[in-house]
Undergrad: 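Just passing along the structure, written as structure tokens.
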Amino acid sequence: LLKDVGSEAEAAPVVSIPEGFNGTLDLGGKTLYSRIEASKAMVALTVKNGKILHRTGSAAAIDIKVGGLLTLDDVYLETSYHGVRLRRNAKGVINSGDYRLVDTSASTYNLLYLSDAPASGDPASLVVNGGDFYARNVSSGPYVMIRALIGEVAINDGVFHAYLPGTTS
């Protein structure tokens, strides 16, 4: 990105990743006030070097719906619903960054979420190699740091915090 996209007052349109995509979304230290969605099978998407603030709506900040590899490097992600959602046979790798589930009125919230069985092939999987993860200070309902309804999660490194910085509840 060359500049921030959207604002606190007005979210930007959804960033839709096209079928067969194989590349990098370098946020360039800027902020995306929206979400990223891959509705069709992609090859690979790396998101790096910036912020994703998605505090409204009932969709994941990053939602990979069918296959492909998502890699996150040096991303600050803040959401009031789901953070990263991997479905069917999508794969994910989180190498570094700061991922926060912030106060929300949604009935269920998952910071890292694996769901939806594939018609064939392996289910979704996630590897966490580093980063800081926060999932607290929600106003109602359950909050979940990692929810794997199907698939596997491997945690090699990272810090999982019970509270947001500067809070005790």
Side-chain angles (χ1 to χ4, degrees), residues 1-104 106 108-116 118 123-135 138 143-151 153 158:
L1 299 179
L2 299 176
K3 64 178 185 171
D4 290 347
V5 178
S7 68
E8 292 279 349
E10 186 174 333
V14 173
V15 175
S16 294
I17 305 302
E19 186 171 11
F21 184 84
N22 187 7
T24 299
L25 174 57
D26 188 340
L27 299 172
K30 305 300 181 193
T31 302
L32 173 64
Y33 293 90
S34 185
R35 60 191 195 87
I36 299 169
E37 179 177 280
S39 295
K40 306 277 186 189
M42 61 165 190
V43 176
L45 168 65
T46 297
V47 180
K48 66 180 189 175
N49 302 326
K51 293 182 179 181
I52 299 170
L53 302 181
H54 178 62
R55 299 188 189 124
T56 60
S58 59
I62 300 175
D63 194 350
I64 309 302
K65 294 184 176 184
V66 182
L69 173 65
L70 170 69
T71 303
L72 300 173
D73 289 313
D74 193 25
V75 171
Y76 177 96
L77 184 145
E78 191 171 289
T79 185
S80 60
Y81 194 63
H82 301 314
V84 176
R85 186 172 187 181
L86 302 172
R87 305 185 199 209
R88 297 176 182 85
N89 25 21
K91 309 297 179 207
V93 177
I94 298 176
N95 290 319
S96 60
D98 191 311
Y99 303 86
R100 299 175 184 212
L101 181 60
V102 297
D103 194 21
T104 177
T108 276
Y109 359 85
N110 306 289
L111 187 58
L112 307 173
Y113 187 24
L114 279 63
S115 68
D116 301 2
S125 66
L126 175 65
V127 176
V128 178
N129 292 322
D132 284 282
F133 303 86
Y134 304 86
V138 295
Y143 63 90
V144 179
M145 188 81 70
I146 300 171
R147 183 178 216 173
L149 297 178
I150 192 164
V153 176

Undergrad: Going by the side-chain contact (heavy atoms from CB on, under 4.5 Å) test, name the single residue among L53, V14, I62 that passes it with R35.
TA: V14
Undergrad: How long is the span from the CG atom in L25 to the OG1 atom in T71, to the nearest 0.5 Å?
TA: 12.5 Å
Undergrad: Hey, what do you get for CG (L2) to CG (D4), rounding to the nearest 0.5 Å?
TA: 11.0 Å
Undergrad: Any side-chain heavy-atom pair from Y134 and L111 closer than 4.5 angstrom?
TA: no
Undergrad: Is a side-chain N or O of K91 found less than 3.5 angstrom from the main chain of P123, in a donor-acceptor match?
TA: yes
Undergrad: Which atom names give the shortest non-hydrogen contact between V153 and A148, and what distance separates them?
TA: CG2-CB, 4.1 Å
Undergrad: Does this structure show an ion pair linking E37 with K65, if we count only N-O contacts that are shorter than 4.0 Å?
TA: yes
Undergrad: Scan I64, D116, L114 and name whichever one has a side-chain contact (heavy atoms from CB on, under 4.5 Å) with R88.
TA: D116
Undergrad: Any side-chain heavy atom of L45 within less than 4.5 Å of one from I36?
TA: yes
Undergrad: Taking all non-hydrogen atoms of both residues, which atom of T79 and which atom of Y81 are closest, and how far apart?
TA: OG1-N, 3.1 Å
Undergrad: Could you please spell out the steps behind the side chain to side chain contact (heavy atoms under 4.5 Å, CB included) verdict for Y76 and T31?
TA: CA-CA 9 Å; Y76 177 96; T31 302; over 6 Å; no
Undergrad: Does the pair D74 and K48 meet the rule for a salt bridge (charged side-chain N to carboxylate O under 4.0 Å, His left out), with working shown?
TA: CA-CA 5 Å; D74 193 25; K48 66 180 189 175; over 6 Å; no
Undergrad: Using a 4.5 Å cut-off on heavy atoms from C-beta on, say whether the side chain of I94 contacts that of L112.
TA: yes
Undergrad: Does D98 have any side-chain hydrogen bond (donor to acceptor under 3.5 Å, both in side chains) partners at least two apart in sequence or in another chain, and if so, which?
TA: R100
Undergrad: Is any side-chain heavy atom of K30 closer than 4.5 Å to a side-chain heavy atom of V5?
TA: no
Undergrad: When rounded to the nearest 0.5 angstrom, what is the spacing between CG in N89 and CG in L69?
TA: 12.0 Å
Undergrad: Do side-chain atoms of H54 reach the backbone of A59 as a donor and acceptor pair under 3.5 angstrom?
TA: yes
Undergrad: About how many Å separate OG of S125 and CD1 of I150, when rounded to the nearest 0.5 Å?
TA: 11.5 Å
Undergrad: Using side-chain heavy atoms (C-beta onward) and a distance below 4.5 Å, is I146 in contact with F133?
TA: no
Undergrad: So which atom in S34 and which in P13 form the shortest heavy-atom distance, rounded to 0.1 Å?
TA: OG-O, 2.9 Å
Undergrad: Kindly compute the distance separating CG (D63) from CG (L86), expressed to the nearest 0.5 Å.
TA: 8.5 Å
Undergrad: What distance separates I52 CD1 from L72 CG, expressed to the nearest 0.5 Å?
TA: 7.0 Å
Undergrad: Does some side-chain heavy atom of L149 sit less than 4.5 Å from a side-chain heavy atom of Y113?
TA: yes
